[in-house]
Chemist: 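Take a look at the following structure, please.
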Amino acid sequence: MHGEEIKYITEAYETNWMSTVGANINEVERIAAEKAGVRYAVALSCCTAALHLCVKFAGEKLYGKPPIGHGAVEGRRVFCSDMTFDATLNPVVYEGGIPVFIDTERDTWNMDPAALEKAFEIYPEVRLVVAAHLYGFPGKIDELRAVCDRHGALLIEDAAESMGATYKGKQTGSFGDYAAISYNGNKIITGSSGGCLLTNELEVANKARKWSTQARENAAWYQHEEVGYNYRMSNVIAGVVRGQYPYLEEHIAQKKAVWERYREGLKGLPVSMNPFEEDKSVPNYWLSAMIIDKEAMCKQVRDDNTAMYQPEHGKSCPTEILEAIASINAEGRPIWKPMHMQPMYRMNAFITVAGNGRARTNAYIAGGVEDVGADIFERGLCLPSDNKMTKEQQDVVIEIIRKCFE
Ligand SMILES: *Cc1c(COP(=O)(O)O)cnc(C)c1O
């Protein structure tokens, strides 16, 4: 927090605009749209709500309005990012869709356009793709867009983690037919919660405002023609977001410094940082992550909720490093566990570049096909990345990681 947040919260309080209407909301929508380079932003209670409305818009555009009580993509397959937070695709399931998971590429750790192309060969009837930008490092979004266009599919872009990041000079969140950003407490800027739906269509923006406020028709009484949601952002939360926006660039610079200090500090170890296409994208560096070289992995096994490893001279693994980091009361995390490895999605299709594949274990794969997501999950981890972390604190973390390889 920087101080301006409390000024806008106080303004909301003193003018009694304490609900889902007010100057803070209007300003957040104006700034969010301007920053993202889209025409309209609609302020909502969270990014998951924004993604839910995105799926509804896409579903109704593709398949028409479903009968009351039925989902907008009910019974339909939807291609989804695999190595991501489950909020990316939960809304697909809310609307009755069947996620088909698309494997990850190694250049940016996001949805692989070649695997997506493969998926359209296997399921040519699919018309909707939901793709996220992991950890603030843009995916190959123009290639994904091109694959979607070739197959007449709509693209929902989950830019929750990547606000402020650009691809070929354009903001993430401006490539999708519909997109969503997040102000969750852990994101690059925050309102404690909140998110926006981004669109270039006025009709979509107006309808998102209507759907998110219980879908009231234009009448003096409560008139309803369709189902609604209580998804609008509060003017108090919007005050926090409004106060944070001027600091987006500063936060990105701090996060970039953290990522670069790790890259320098870990030089000489058999590891590399989460990658991006340096000639194409400018990340927001939201989360620093690293991956251990295959040859430098000690033995590690994970079941559904525990992990074990065998210490080995000159080698390490995410479990060992995460335990070491936790021992000084700092916080690291494994990489998002790929969705195709999650118990609830074990029956869903998972498409790799070589075609249909399923990973049953943490390692590689069925039919000699490489499972990139499982491999990054096995060897990668997220590092403490707070923008307020001092160089001295970070040096301690780096030293601890170095010790793991001794
Ligand atoms: C945080 C996050 C979301 C959800 O954002 P909320 O505002 O918490 O609903 C969605 N997708 C990704 C990739 C996220 O990291």
Side-chain angles (χ1 to χ4, degrees), residues 20-22 25-74 76 78 91-92 94-97 126-131 141 144-145 148-149 151-160 163 170-183 194-233 235 238 241:
T20 53
V21 184
I25 294 174
N26 299 341
E27 268 305 284
V28 164
E29 292 189 338
R30 187 187 65 75
I31 300 165
E34 187 184 294
K35 291 247 184 203
V38 298
R39 289 215 183 89
Y40 309 101
V42 179
L44 300 171
S45 55
C46 62
C47 175
T48 311
L51 287 165
H52 187 185
L53 298 189
C54 289
V55 172
K56 282 183 62 93
F57 280 116
E60 294 199 2
K61 183 160 181 178
L62 291 165
Y63 310 117
K65 204 168 184 58
I68 290 169
H70 292 263
V73 290
E74 196 165 293
R76 314 274 184 172
V78 177
V92 168
Y94 302 163
E95 289 302 314
V126 171
R127 289 290 172 270
L128 182 58
V129 176
V130 186
I141 193 69
L144 295 172
R145 175 86 253 180
C148 289
D149 291 347
H151 296 278
L154 296 174
L155 174 65
I156 295 174
E157 194 184 2
D158 178 359
M163 191 195 303
K170 266 185 77 184
Q171 290 284 322
T172 58
S174 67
F175 291 86
D177 294 286
Y178 314 95
I181 52 175
S182 175
Y183 310 111
C196 274
L197 180 150
L198 306 177
T199 175
N200 285 315
E201 292 173 53
L202 178 61
E203 203 190 322
V204 169
N206 285 340
K207 196 139 196 202
R209 290 192 183 101
K210 178 185 166 195
W211 279 352
S212 64
T213 51
Q214 306 290 21
R216 279 176 67 186
E217 298 302 325
N218 191 13
W221 48 87
Y222 283 73
Q223 178 88 0
H224 296 287
E225 290 177 8
E226 53 189 348
V227 73
Y229 300 86
N230 185 2
Y231 278 175
R232 196 75 165 123
M233 182 183 282
N235 193 47
V241 178

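Quick note: numbers below take in every heavy atom, side chains included, and nothing from hydrogens, waters or symmetry partners. Computed from a predicted model, the values in this text were never measured in an experiment.
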Chemist: Distance check, rounded to the nearest 0.5 Å: S174 atom OG versus I141 atom CD1?
Modeler: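 Answer rounded to 0.5 Å: 9.0 Å.
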Chemist: Using 30° and 60° as the class boundaries, would you call the ring planes of H52 and Y229 parallel, tilted or perpendicular?
Modeler: perpendicular
Chemist: I'd like to know if E226 and K56 make a salt bridge, using a cut-off of under 4.0 Å between side-chain N and carboxylate O.
Modeler: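 So E226 does not pair with K56 through a salt bridge.
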Chemist: How far apart are the closest heavy atoms of A131 and L155, and which atoms are they?
Modeler: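 Distance-wise, the nearest heavy atoms are CB-CD1, 4.2 Å.
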Chemist: Looking only at non-hydrogen atoms, find the nearest pair between L51 and I156 and report the distance.
Modeler: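 Here L51 and I156 meet closest at CD2-CG2, 3.9 Å.
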Chemist: Would the distance check show the side chain of Q171 and the main-chain N or O of G37 forming a donor-acceptor pair, the cut-off being under 3.5 Å?
Modeler: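 Checking the backbone N and O of G37 against the side chain of Q171, no donor-acceptor pair under 3.5 Å is found.
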Chemist: Please report the interatomic distance CZ(R209) to OG1(T20), rounded to the nearest 0.5 Å.
Modeler: 12.5 Å
Chemist: Please indicate whether Q223 has more than 12 foreign heavy atoms, meaning atoms of other residues, nucleotides or ligands, lying under 6.0 Å from its CD.
Modeler: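 Yes, CD of Q223 has more than 12 neighbouring heavy atoms, counting only those of other groups under 6.0 Å.
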Chemist: Thinking salt bridges, do E203 and K207 make one under a 4.0 Å N-O criterion?
Modeler: no
Chemist: Give the minimum heavy-atom separation between N200 and V38, together with the two atoms involved.
Modeler: OD1-CA, 3.4 Å
Chemist: Quick check: closest heavy atoms across A32 and I181, and the distance to 0.1 Å?
Modeler: CB-CD1, 4.3 Å
Chemist: Should E201 and R39 count as an ion pair when the cut-off is N to O under 4.0 Å?
Modeler: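 No, no charged N to carboxylate O under 4.0 Å.
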Chemist: When you compare the side chain of L62 with that of V73, does any pair of heavy atoms fall below 4.5 Å?
Modeler: no
Chemist: Does L202, at its CG atom, have more than 12 non-hydrogen atoms belonging to other residues, nucleotides or ligands within less than 6.0 Å?
Modeler: yes
Chemist: Please round to the nearest 0.5 Å and tell me the distance separating atom CG of L198 and atom CE of M163.
Modeler: 8.5 Å
Chemist: Which heavy atom in L154 sits nearest to a heavy atom in Y178, and how many Å separate them?
Modeler: CD1-CE1, 4.3 Å
Chemist: Rounded to the nearest 0.5 Å, how far does OG1 of T172 lie from CG of D158?
Modeler: 10.0 Å
Chemist: Do any N or O atoms from the side chain of E157 and from the backbone of G173 form a donor-acceptor pair under 3.5 angstrom?
Modeler: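 A pair under 3.5 Å: yes.
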Chemist: Show me the side-chain donor-acceptor pairs of residues 40-48 shorter than 3.5 Å, one per line, residues at least two apart or across chains.
Modeler:
from	atom 1	to	atom 2	distance (Å)
S45	OG	Y231	O	3.4

Chemist: Could E29 and R232 be called an ion pair, given the rule that one side-chain N must be under 4.0 Å from one carboxylate O?
Modeler: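 Counted as a salt bridge, because a side-chain N and a carboxylate O are separated by less than 4.0 Å.
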Chemist: For R127, which residues count as a side chain to side chain donor-acceptor pair (under 3.5 Å) partner, sequence neighbours excluded?
Modeler: none
Chemist: Would you name the heavy atoms of L53 and S212 that are closest together and state the gap between them?
Modeler: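 For L53 versus S212, the nearest heavy atoms are CD1-CB, 4.3 Å.
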Chemist: Please step through side-chain contact (heavy atoms from CB on, under 4.5 Å) for the pair Y183 and M233, ending with a clear verdict.
Modeler: CA-CA 11 Å; Y183 310 111; M233 182 183 282; 3.7 Å; yes
Chemist: Check side chain to side chain donor-acceptor pair (under 3.5 Å) between H224 and all other residues, then give those that pass, not counting sequence neighbours.
Modeler: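 Checked H224 against side chain to side chain donor-acceptor pair (under 3.5 Å); zero matches.
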